[in-house]
Every structure is written in C-alpha cells, then in structure tokens.
Amino acid sequence: MRTEDARPVRLEDYRPPDWLVETVELEVSLHPTATRVRATLMLKPNGAAAAPLILDGEELTLTGLTLDGAALPPEQYVATTERLTIAQPPPRPFRLTIETTVDPSANTELSGLYRSGAIYCTQCEAEGFRRITYFPDRPDVMAVYTTRIEAEKAEAPVLLANGNRIAAGEIAGSGRHFAVWHDPFPKPSYLFALVGGPLACVEDRFRTMSGREVELRIYVEPGKEDRCAHAMDSLKRAMRWDETAFGREYDLDVFMIVAVSDFNMGAMENKGLNIFNDKYVLASPATATDGDFERIEAIIAHEYFHNWTGNRITCRDWFQLCLKEGLTVFRDQEFSADMRSRAVERISDVRGLRAHQFVEDAGPLAHPVRPTLYREINNFYTATVYEKGAEVVRMLATLIGPESFRKGMDLYFVRHDGEAATVEQFVQCFADVSGKDLGQFMRWYSQAGTPEVVATGGYDARGRTYRLELAQTVPATPGQPLKEPMAIPLALGLVGRDGRDLPLKLADGRAIERGVLTLTKAAETFVFGDIGEPPVPSLNRGFSAPIKLVANVSADELRFLTAHDRDPFNRWQALQTLATRLLLDNVAALRAGGAPREGGDLAAALGAIVADGALEPAYVALMLALPGEADLAREIGRDVDPDAIFAARAALRASLGDKLAGPLFDHYRRLSESGPYSPDAISAGRRALRNACLDLLAATRRGDAIALAARQYQAADNMTDRMAALATLSLHDVPERAAALHDFYARHADDPLIVDKWLTLQAAIPEPATLDRVKALTAHPAFSFANPNRVRALINAFAFANQKEFNRADGAGYEFIADTVLKLDPRNPQLAARLLSALKSWRVLEAGRRALAQAALRRVAGEPSLSRDSSDIVQRALAEE
Ligand code: PHE
Ligand code: ZN
C-alpha cells in the first residue's frame with residue numbers, strides 16, 4: 001500500500017517532460033496472479049540536453065530490461081517498486097523493453113490491472129498505468145499504443161484493448177489465444193485500457209455525419225444482454241448530438257463499452273474502450289428506475305463526449321483536470337437538456353451543485369476549480385472540479401453568447417487537437433473569437449469559495465428609474481484568506497405588474513446584451529431607465545452564475561415570481577426561497593423551544609403551481625420537493641442542529657400534505673398510467689409528479705396515504721413506482737414498511753444492483769434504530785466490503801443521505817464511519833477517502849457534535865499506516881483555519 005509520503009505536487013513546478021514516448025508496444029500475458037507485461041517504448045529526448053530517464057512505478061517488480069535489444073547492465077539503472085531510473089541514457093532516441101509481473105487478483109485498490117469477478121480489466125486514470133509497467137505516467141506524454149493480449153481461451157474468450165483490432169488467433173496446442181489492438185491516436189497513459197474475460201456482447205452500428213460506419217459494442221456478463229438497450233440507444237443519441245451540437249464526429253471503426261461490477265467511480269473514457277460501473281449501463285423497466293435511466297443516459301454521453309474533450313485534446317497536467325471534466329459535464333448537461341426538459345435539467349443540476357459543491361466550497365476541503373497543489377490527485381475528482389467546472393464553462397457561454405461560444409469551441413478543437421492543453425489555452429480561444437478580455441474571468445479557476453452577492457433594489461417613481469445595488473464578497477478558503485472581485489454574469493429581468501418583463505436599458509445608455517449584466521467590481525450600482533412601474537427583480541435567472549444571492553425581495557414579491565416569472569428556474573427558485581425562509585425561522589423557533597409556523601402562504605403558492613395545467617409534470621414535481629436537510633444546514637452555516645432541521649422540515653411537509661391533500665389525491669389518480677411502462681421523459685415526469693404527491697400525502701401519516709403507498713408498492717409493474725412507494729413507506733415507522741422491505745429483498749435477492757437500492761433505503765431511514773440496522777446489514781450475505789457499489793449503497797448512503805442519523809447527538813454515527821474508513825483504507829484507499837469526506841462539514845455543527853466529529857477524525861488521523869488518500873483528506877479536514 002502507498003503510505004503517505006512527502007509529495008505535495010505544485011502547479012508552479014510544472015516542467016515539460018525530459019523524455020517523450022513515441023510508441024508503446026505492450027504484450028500482456030494474462031494470468032490470475034502472475035500476469036506478465038512486456039512494454040517496448042520508443043523514447044526520444046524532449047529538447048537538447050540529455051536528462052536522466054525516470055519512469056514511474058507502483059508496487060512493481062522488474063523482471064527484465066533491455067535497451068535497443070541488449071540487456072542493460074545492473075549498474076546502469078536503479079529499479080525500486082516505485083521508480084525505474086536510468087541515470088545516463090543515450091542522448092538520442094532509443095528502444096527500451098521493460099518486463100514486469102503483476103498480480104491482478106491481489107489488486108483490491110481497483111487501480112491498474114485487476115479482476116472484477118471473472119473479468120480482467122484496467123483502470124489507469126489518474127495514475128494507475130504505473131501499476132502495470134514503468135512509464136512516464138503523466139498526461140502530457142502522448143504515445144501511439146499497440147497492445148497484444150494473450151490468455152487461456154477458456155478463461156478469457158474475449159480480449160479487448162483501445163483502438164481497432166488488427167490481428168487475432170490461436171496459439172496452437174496451448175489452449176491460449178491472442179488479440180492485437182492498435183490505437184492510431186496518440187494518447188496519455190491514463191487512457192490506456194485492456195479487458196479480458198467471458199463477456200457477452202450486444203452490437204449495433206452508427207453511421208457518422210461523413211458517412212463512416214462505426215461498430216458499437218456493449219460487453220456485459222453473459223445473461224445481462226437484455227439490459228443494454230437503453231445504454232445503446234443513449235450512445236447513438238449522444239453520438240448524433242455531438243455531431244449536431246458541436247460538429248464532433250467519432251474517429252475509430254469501433255466504439256466499445258464494457259460493464260464491470262467492481263469499479264471505484266462511475267465510468268471511464270478510455271479511448272475506444274470505455275469501462276463502466278455496471279450500475280450505469282444495465283437497465284430494464286423491471287430493474288431500473290427513471291432516475292437510473294436518466295443517469296445512464298447522462299454518463300454514457302459524458303464518457304462518449306470525452307472522446308473530443310479529454311482524449312483528442314487532453315490535459316497538460318492533473319491541475320488542468322477541469323479542462324476535460326468541467327467541460328464534459330457541461331456538454332452532458334446540455335445533451336440531457338436537449339433530450340429532456342431544459343428547465344428540469346437546469347434545476348436538477350443546480351440542486352446537485354448546491355448540495356455537493358457549495359458544501360465542499362464552504363468547508364475545509366474547499367479548493368479552486370483549478371487547484372494549485374495536491375498530495376493525492378484521486379482526491380480532486382470533486383464536485384468543484386466537475387460541477388463548478390461545468391458552471392464556469394456555462395458562464396463563458398453566457399458572457400460571450402451562444403454563437404461566439406460555438407466558434408470558440410470550434411477554434412479549441414482546431415487549435416489543440418492532438419495536444420495536452422491548459423485552461424489558459426482553452427479560455428484564450430473564447431477571448432480570440434469574442435474579442436473580450438477574459439482576464440478577470442480567470443479568477444473563477446483560481447479562487448475557491450462561493451461568491452455571495454447582496455442585491456438591493458429600489459424604484460424611483462419620479463425619475464422612472466430602478467436602481468440595483470450589487471455587492472460581492474468571496475469568503476476566505478484554505479490557503480486563500482483574501483479574494484479579488486469576480487466577473488459575475490447576472491442574467492436578470494424586471495418583471496412588471498402584468499407578469500411581463502419590462503425592457504432593460506441602463507440609464508447611462510450602456511447596452512445589456514441578452515439580458516445579462518456583468519458585475520465586475522466589489523460593489524456596483526446599475527440604474528435602469530424608462531421604468532414606468534415598480535418592478536419585481538428576477539435575478540440570476542437560469543442560475544447564470546454559481547453564487548449565493550441575497551436580495552431584498554419580500555415574501556409577496558417571491559410569491560409573485562412563483563406565479564409569473566417567465567424564467568422557469570427563477571419561478572422554482574422563488575418558491576425555494578420562500579420555503580427556505582420559513583424553514584429557517586422554524587428551525588430557530590424549535591431550538592428556542594417554540595412552535596413552528598404553519599406556512600399557509602407557501603401552501604397557497606404551491607397549490608397554484610399544482611393547479612397550473614400548463615406546467616410540465618416533472619417541473620411541478622421539483623416544485624413539490626422542499627429544500628433538503630443539507631440545503632438548510634448549508635444556509636444556516638454555523639451551530640447546526642440536524643435534529644431541529646429534520647423536525648422543522650417534517651412538520652412543514654406534514655402541514656403541506658394536509659393543506660393540499662385534495663389536489664394531491666386528485667393528481668395522484670389523474671396521473672395513474674394505464675399503458676405499458678416507457679422510460680421517456682414525459683412518462684417519467686408524470687411518474688415523478690405522481691410519486692411526489694404520494695410522498696407529500698404520506699408525510700401527514702394519514703392512514704389512507706400509507707395504504708395508497710402500500711398498494712402502489714404491490715401493484716407496481718415497474719421499478720420506478722415500486723421503489724418510490726417503498727421509499728415513501730420507508731420514511732414512516734408503520735407495519736407496511738417492514739412487510740414491503742421484506743418482500744422487496746425476497747423478489748430481488750439475486751440481483752446485486754437492486755439489492756443496493758434496498759440497502760440504501762434502509763440506511764436512509766431517519767430513526768435512531770438505523771445505525772444498528774446498518775451495522776447489522778454489513779454482515780448480511782448480500783453485503784461485501786470488497787465491492788464499492790455495496791459499500792456506497794449502504795455506508796455512504798448512511799453518511800451522506802441520512803443527515804439526522806449520521807449526525808446522531810451521541811457521535812455513534814461518526815464513530816461508525818471512522819471505523820469503516822479504517823477498515824476499508826488498507827484494501828481500497830480511494831473508496832475509504834471518499835467516505836471519510838462525509839465528515840468534512842464538522843465545523844458547522846453545534847458544539848457537542850462538533851467535538852465528537854472532530855474526535856472521530858482525530859482517531860482516523862492517528863492511524864500510522866493510513867493511505868495517502870485518506871491521510872490527505874483527514875489532514876485537510878482537521879487543519880486549523
Ligand atoms: N474520468 C472519469 C470521468 O468520466 C472519472 C474517473 C476518474 C474514473 C478516475 C476512474 C478514475 O469522469
Ligand atoms: Zn469525465
């Protein structure tokens with residue numbers, strides 16, 4: 001295991017590589033415990049001076065080394081498990097052949113070459129290739145790979161690697177066979193992949209815009225072929241969309257996806273050979289929910305889109321991770337918006353951003369979209385790099401407009417194809433096409449923390465003007481006590497009495513392009529002229545900037561926006577703001593021993609939304625979801641009491657369910673489907689609304705609502721409705737719950753991905769018995785600490801999705817997570833570190849819990865053999881502010 005070493009890596013220390021690799025020939029002879037790897041590298045000096053050749057390794061054993069065909073004498077090199085050094089290599093291009101032996105069965109970290117069940121597979125991002133062979137394992141070394149895989153035919157009938165297959169055959173009389181794959185596109189080592197094993201395949205074809213035929217193949221465990229249709233359909237739609245939306249065409253003759261059950265992340269964009277967590281491939285109406293269908297579509301698209309944003313143009317170094325991830329998330333969000341509903345997609349994305357990224361940005365793990373220092377790069381696959389990174393790209397598009405944005409993307413593809421690029425080079429393309437100075441905009445990449453904008457508006461009837469005073473601050477974050485003002489694109493409207501937007505003109509004659517103001521100073525006042533009536537400001541429409549907005553908008557004005565704003569995001573936001581204000585008051589009241597307010601106004605606003613037949617069901621469903629417990633905790637920000645938050649929210653849900661019972665029941669009945677299940681967005685939206693109605697009704701704990709949920713559970717002909725009913729029941733301590741949970745397991749015991757849903761539901765029950773239930777479930781035959789999906793389904797669900805029980809006042813939730821982290825860490829540090837990050841917000845808790853959470857973190861920190869992954873998280877989490 002890699003124990004902590006002294007290796008902070010700094011952006012400012014970046015130097016181009018001394019040696020480049022032109023081609024890599026890999027020969028891999030698969031064996032469960034002793035796989036032999038022979039790598040032949042064509043190396044050439046990068047520049048004039050002949051520097052030592054230093055290749056990265058990790059847990060490697062060298063078994064052979066030749067230079068231009070001759071064995072290298074031992075005094076000419078030093079090989080450790082972590083490094084191969086040739087101090088004085090010839091100052092010219094040469095051929096180096098390296099032999100290593102690795103044990104895939106012992107690879108529990110799931111990085112490098114490992115086994116998932118009977119399948120051999122690889123995961124090389126970020127630094128896994130060095131666990132296969134010695135190599136300059138950095139993304140700016142791009143090489144052309146040819147891979148020959150050899151294996152027992154019985155053990156691994158299917159052999160895959162990147163690119164196109166150029167040869168295959170039997171090795172006479174040995175029971176072994178081989179395949180040779182060639183990838184003509186130079187790529188960094190992190191995009192290398194190979195797979196071997198007993199796999200079934202689903203095939204299809206795609207004709208690209210220039211008329212080339214591409215074979216599409218999805219490989220899964222035999223018997224799961226009938227669950228690939230949605231993934232295949234999503235892939236074809238993604239390929240077409242990238243052609244139309246970005247002019248990007250696929251470039252190899254074959255595109256392959258392999259689904260494996262053991263995977264640390266969601267999926268991986270290896271060139272031509274994406275490897276997926278099977279959770280994000282397999283779906284059928286009986287096994288997957290609408291949410292699963294939606295995520296599969298998005299992740300299939302995300303990995304496919306990486307072919308251009310990540311693979312053809314890759315990252316110069318890992319500090320530039322957002323260059324591929326933020327941009328590719330932006331692209332998959334746009335794809336989903338086009339496939340489904342733009343408004344619903346935007347609201348869901350912003351909810352995710354606030355729930356994860358805002359929380360990260362407000363705590364000790366806060367870091368810029370482009371960090372400048374890391375000790376373990378695996379810990380920077382974060383909501384900040386991915387989701388805030390996507391917001392930054394979206395702001396670029398907002399600032400320069402859609403046409404210029406597309407031109408800038410085109411320029412980026414032309415200018416940097418085949419290169420390992422930087423964030424500066426990316427942004428320069430947009431500056432060049434738009435003529436705009438994006439210097440200040442770069443702070444979005446370098447300054448961490450969520451900017452807070454205070455907006456104060458005032459109408460002057462006599463002057464017929466509306467004054468909007470804006471002031472921004474960016475909070476201090478670790479290593480960044482002082483911040484400079486950001487360039488904040490603020491889309492806005494001034495809504496007139498009749499609900500229509502008033503024309504926007506600044507009194508000083510400056511133009512407002514596309515309804516977007518750009519705030520660039522710490523404080524700035526904008527005066528709008530020709531305003532004949534007092535308007536209601538609708539600010540940050542579409543969430544044009546990832547900021548926290550505080551505006552002096554009254555409850556009446558918010559209700560007005562809820563009914564009339566033509567920006568659907570802000571209609572939703574207005575209701576969220578109303579609900580948040582009420583809930584925060586109620587949390588304070590409950591903590592002071594008082595009673596919560598009932599919120600009749602909110603019920604009225606919500607009732608009007610529910611009654612509005614013009615709104616899409618999926619959108620209304622989002623309206624019915626109140627701000628989550630974590631959202632409220634984030635708003636409160638200090639001295640947080642999760643029990644009071646839970647109580648306030650439960651009381652309001654009960655009161656809304658009660659006040660709106662009539663229309664909710666009506667909707668529930670009206671939306672009942674008769675036809676067969678279809679996962680399309682409209683049908684999914686109807687189910688989402690129907691299930692949201694059911695859930696709010698059940699929050700009242702009325703017998704008829706609970707009975708309805710129990711009936712829906714039994715009668716459901718698809719996983720969406722069955723799970724929704726079960727999730728609703730699981731929130732209430734009623735006999736129907738135990739019966740349904742029991743039934744669910746009995747039905748699906750042999751399907752691990754469905755058992756995961758069962759584990760998650762139980763981990764999320766907001767009752768004191770849950771912790772013991774979760775502990776007991778770790779001994780259940782369906783559970784395993786070795787499988788990341790099982791661990792995340794049970795334990796991460798408890799730590800991240802059950803605010804109340806994870807934050808038990810006695811600290812037992814924190815202790816359990818610390819125990820589990822210590823148990824997982826030696827086996828799979830990435831998985832352990834991710835779980836450990838659940839404790840990152842400890843400082844905002846009320847004093848009792850804060851001390852207990854800190855003690856749990858300190859106990860983890862005290863483990864002497866902690867992995868670099870976990871030690872990095874725990875040290876940053878505990879660091880003094
Ligand atoms: N690059 C993967 C993505 O598409 C994520 C990933 C990172 C997967 C590291 C595995 C390891 O976002
Ligand atoms: Zn990605």
Side-chain angles (χ1 to χ4, degrees), residues 58 107 109-114 116 121-132 137-139 162 187-193 195 231 234-235 238 242 255 257-281 295-315 317-336 349 352 356-357 369 374 376-390 392-393 420 788-789 792 828-834 869:
E58 193 174 291
N107 186 349
E109 301 187 24
L110 312 186
S111 161
L113 176 68
Y114 68 94
S116 176
C121 63
T122 56
Q123 172 51 50
C124 293
E125 189 176 7
E127 298 180 331
F129 193 70
R130 63 183 65 184
R131 294 164 57 82
I132 299 174
D137 195 9
R138 45 188 285 172
N162 314 88
K187 66 167 172 288
S189 50
Y190 82 86
L191 291 172
F192 170 80
V195 169
S234 302
L235 174 61
D242 214 12
F255 184 79
I257 290 173
V258 179
V260 300
S261 326
D262 301 78
F263 204 74
N264 275 342
M265 310 279 273
M268 179 64 209
E269 70 264 23
N270 315 302
K271 181 78 187 189
L273 179 58
N274 290 357
I275 298 184
F276 270 63
N277 186 329
D278 59 2
K279 178 180 163 69
Y280 298 120
V281 173
R295 272 183 294 276
I296 288 169
E297 178 180 282
I299 298 179
I300 293 271
H302 178 97
E303 305 310 330
Y304 174 73
F305 296 155
H306 269 313
N307 192 53
W308 276 96
T309 51
N311 301 3
R312 291 286 289 251
I313 306 179
T314 194
C315 302
D317 54 70
W318 290 120
F319 297 103
Q320 323 293 327
L321 185 55
C322 66
L323 179 67
K324 74 176 179 82
E325 294 304 348
L327 176 55
T328 304
V329 170
F330 169 75
R331 274 150 57 68
D332 83 56
Q333 290 177 347
E334 286 298 291
F335 167 72
S336 296
D349 291 339
H356 303 113
Q357 200 282 323
V369 169
Y374 63 79
E376 174 49 68
I377 189 59
N378 288 330
N379 289 336
F380 284 83
Y381 289 80
T382 58
T384 297
V385 169
Y386 276 66
E387 271 76 39
K388 188 173 181 181
V392 174
V393 176
N789 283 352
R792 286 186 288 250
N828 187 335
Q830 286 186 44
L831 188 61
R834 182 74 53 163
D869 306 61

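All values reported here derive from a predicted model rather than from experimental measurement. Whatever order the structure lists them in is the order used to number ligands and atoms, beginning at 1.
- Judged by distance alone, the side chains of Gln123 and Ser111 never bring a donor and an acceptor atom under 3.5 Å apart.
- Annotation for ligand 1: atoms under 4.0 Å from non-hydrogen atoms of Lys324 are 1 (N).
- For atom 5 (C) of ligand 1, the closest non-hydrogen atom of the protein is Tyr386 OH, 3.3 Å.
- Checking Asn270, Thr314, Asp137 one by one against Tyr190, the side chain to side chain donor-acceptor pair (under 3.5 Å) holds for a single residue, Thr314.
- Glu58 has a carboxylate O that lies under 4.0 Å from a charged side-chain N of Arg131, or vice versa, which qualifies the two as a salt bridge.
- Residues Val281 and Phe276 approach most closely at CG2-CB, 3.4 Å, considering heavy atoms.
- Ring centers of Phe263 and Tyr280: at least 6.0 Å apart, outside the cut-off.
- Less than 4.0 angstrom separates some heavy atom of His302 from each of these atoms of ligand 1: 3 (C), 4 (O), 12 (O).
- Residue contacts with ligand 1 leave out Ala126, since none of its heavy atoms falls under 4.0 Å from the ligand.
- Ring geometry for Phe129 versus Phe192: interplanar angle over 60°, hence perpendicular rather than tilted (30 to 60°).
- Residue-to-ligand polar distances keep Gln123 apart from ligand 1: every N/O pair is separated by 3.5 Å or more.
- When all heavy atoms of Leu110 and Asn107 are compared, the pair lying nearest together is N-OD1, 3.2 Å.
- Every atom of ligand 1 is numbered from 1 in the order shown, and the set under 4.0 Å from a heavy atom of Ala267 is 2 (C), 3 (C), 4 (O), 5 (C), 6 (C), 8 (C).
- The nearest heavy-atom contact from the protein to atom 1 (N) of ligand 1 is Glu125 OE1, 2.6 Å.
- Atoms of ligand 1 found under 4.0 Å from any heavy atom of Glu269 (numbered from 1 in listed order, with element): 1 (N), 2 (C), 3 (C), 4 (O).
- Nearest protein heavy-atom neighbour of atom 6 (C) of ligand 1: Met265 CE, 3.7 Å.
- Between Phe319 and Tyr374, the two ring planes are tilted [angle within 30° to 60°].
- Near Glu303, with a cut-off below 4.0 Å to any heavy atom, the atoms of ligand 1 are 3 (C), 4 (O).
- Taking only nitrogen or oxygen atoms, main chain and side chain alike, Tyr381 does not reach within less than 3.5 Å of ligand 1.
- Under the side chain to side chain contact (heavy atoms under 4.5 Å, CB included) rule, His302 has a single partner from Glu325, Arg295, Glu269, which is Glu325.
- Between NE2 of His302 and NE2 of His306, the angle at the Zn ion (ligand 2) works out to 100°, rounded to 10 degrees.
- Here Glu325 meets the criterion, with an N, O or S atom under 2.8 Å of the Zn ion (ligand 2).
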